[in-house]
Amino acid sequence: MSEDQARKVIQTFKYEPKRLERGYSDRTLYVNLSDNTVKAKTISEETKDVFIGGRGYGLYYLWQAVTGVTKWNDPENEIIISCGPIAGITQYPGTGKSIVVTLSPTTGTVIDSNVGGYFGPFMKFSGWDALEVQGKAERDVVVYIDGDKGVVTIEEVPLGDLNTHVLAERLTDYYSESENDKKNISVVSTGTGADNSLMGMLNFSFYDRKRKAVRIKQAGRGGIGSVFRDKNIAAFVIKFSNVNGDLNNPADKKRINDTGIKMHKEVASMDPKQNNMRKRGTTMLTPIANDNDLLPVCNFKFGTHPDAVKITKWEDKFCHTGSDGCWYGCTVGCAKVVFGFELRTGPYKGQKVLVDGPEYETIGAVGSNVGVFDRDHILECNFYCDTYGIDTISFGTGAAFIMECYENGILNKDITGGLELNFGNREAVMELLHQIAGGEGFGKIAGQGIRKMKKIFVEQYGANSRFLEDIGMEAKGLEYSEYISKESLAQQAGYGMANKGAQHDEAWLIFMDTVLKQIPTFEDKAEALHFFPMFRTWFGLVGLCKLPWNDVVPANNADTDEPQKVPEHVENYLNLYNGVTGKEATIDDILFESEAVYNFQRVFNLKMGVGKREHDSIPYRSVGPVTVEEYESRQERYDDQLKDLIGVDPSGKSTEEKIKVVREYREKQYEILVDTVYKRRGWTDQGIPTLDTLKRLRVDFPDVVGLVKKHL
Amino acid sequence: MKIVAKKPELCDGCGICEETCAQAWFKEKDKEKSAIRIMDNPNGDFNIVVCDHCGECVDVCPVEAIKTAKSGIVTIKDSDCVECYSCVGFCPKGAMFKHPEEPVPFKCTSCGKCVKECPTGAIYMEEV
Ligand code: SF4
């Protein structure tokens, strides 16, 4: 690095690297960038018992740090990275996930986002169960953890190109001593998009030895990258050498090894016959989504498109000569990569670059949802979102919303600065992205996210607010991820009730609900909306990836009592958890652990002013047809439903009349389901956990109870 | 290269090869530490499991700890192994082994010691 001399260490903190005990170090690293405090904090047994790790620790520390009026860009806000007790074992697929927690700029409340890459496991091996960063630096800084030597430094770096594909590589070079040492470095960084928008995300790197390249995975949702840049953080860098399979110092290594080997055998034999994730990554979902009317097309109006076949196949684009796990031992290896992609636009135009991805969500967001069915466009957009540090989902869903507004005359070329934002205009999509990243032109508005755009469009451009509420695909301020939920009531609630906002990671029930019809009654759906969010939350407490849970399944899975839960894999997870921690937890125990953290997060939302029933409402576009065009695209289905479900004869009625009847019915169904789920979860009809529920779950801390009481 | 080839129909299941291998590499008699395995078939004859150096494990290893030497023989560099055991799960022949006492998996290196001791000629070195 030419700026070597310019490196200025402004704080040094030395510590004793500590061997983990059964997956824990029981301490966190606290950094305050306002006054350059760096210190270790001990995690008490009580905290560990209730919050477990990962998202639990993130929520716990953030709760201590902020009040109900703290804003995302107040110095008190923290960014917390933690991964939990299982993370870092190398023997089972999907065991290197970190969870990042902060107050989101678009939702105003807690966001948690899970991410692969080596940073989290390295952080644990360096002796820290979590990294907690508060305050704001005066100038751009790097927080560097040398886990080999036991030194943490805050360093000022001269401003260069902050975009990830440049910076992560530069820092990997800089902090490593040789090519062979690069595997020991992981960088957390973002890009100019995070400086200039509220949809900034974080890239976590891992060094791909076989391809000699810095690869990245994203903590995408909710604007965490924007908080990172608001704190003037250029990067977190960690170094840890000598990874081996024993660093968690687990209680029962053999149990973990046996479980891991069994799973690798299953992946080897079943994946090629099932989803073929090893070759296709999550792109395998694209044809399935398109075939089942689930692929968002043109701002979630439609679920399928004849041109979608152009974006369903990716295998030929991917490089297949390496291992694509985002942590060691992930044989599912969904982290696909494209090499030598030549950029056609933007500041790096003409360069040949590596593109990490695309994943299904990106294909949906920046492809079908904006009406562009072109793989090269998707790669271009994927690359730029990543390097700019912009969440592909929020960008794509946001752009789709803008396009529908444009096509409805709410926006025009005067407002967009000449951008013709019709669906399908890929040049305009790319230009919009470059403008967001540069904080220029219409990009300044687009980068605020849908919730803020709605307000601006109503107040400044006279838009009909009801229409915008219907078509603006966000809940709690978070843009929808890429599934059409219209035909799955359970999935509508899965989106609407998710603590962080409209993300599918709490509940993905579309198939169970609509294709397999396994949860017909409200009670069945409510049970699924209890079990799955709790079970899925648990992955984020312990450091696991969800994909190896149900994207590959044992040969006999279909013959089990509850194939949707993949019982053998649940058993595997208990083996890993108990094998690491020495507990003898059952499935009920882990659900209990998750439920406690989940309810705590719900109360956290309440603290930030968004934890009530009204905040679980969703845009009607995710429930049913908003427009005539939409209704008529599925006329037969809706007409049949009118007759069979609602008991209304569609004949002789105008489409508008039919839309109204369908809407009344569907909205009522949603409310009934919400009632049923609240009851199942032990919440009031306003969606507030009762004092009994909090007590049962052992999260009845005085401040929690005090807060909740005010709302009961 | 020369690899261990097999004629299972000649095998009488004596297990001398397994003992020889375990002894050669781990200085023990424990057959579970052998890189060649004799498996009983239900019909009374035997199955011989040993690496044929196909290279699947080289592809699946995330850290390049497994390499194909110039000779074509596949070997593991213990110090680079991160103990993920992907290779154990992905070996199409089931010829990559893991023992509870040994953190790093092991496999046949084509040293030929077992072949020398086999009394029936069921295993032999073959140029491929
Ligand atoms: S399945 Fe994909 S995301 Fe999950 S751990 Fe493996 S490579 Fe990472």
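As the structure is a computational prediction, the values presented were derived from the model and not from experiment.
Neither the backbone nor the side chain of B:Val104 comes within less than 4.5 Å of any heavy atom of chain A. B:Pro100 touches chain A through its side chain: at least one heavy atom from C-beta onward sits under 4.5 Å away, while N, CA, C and O do not. Only the side chain of A:Lys253 has a heavy atom closer than 4.5 Å to any heavy atom of chain B. At a 4.5 Å heavy-atom cutoff, the contact between A:Lys210 and chain B is made by backbone and side-chain atoms alike.
Contact check for A:Leu354 versus A:Val338: no side-chain heavy atoms found under the 4.5 Å cut-off.
For A:Arg280 and A:Phe318, the positive end is not near the middle of the six-membered ring at less than 6.0 Å and at most 45° from its axis.
Considering A:Arg278, A:Arg211, A:Lys279 in turn, A:Arg211 is the only one that fulfils the salt bridge (charged side-chain N to carboxylate O under 4.0 Å, His left out) rule with A:Asp324.
Interface check for chain B: of the options A:Gly260, A:Gly333, A:Gly329, A:Cys330, the most heavy-atom pairs under 4.5 Å are formed by A:Gly329.
For B:Phe26 and B:Phe106, the gap between ring centers is short of 6.0 Å.
A:Lys182 has a carboxylate O that lies under 4.0 Å from a charged side-chain N of A:Glu179, or vice versa, which qualifies the two as a salt bridge.
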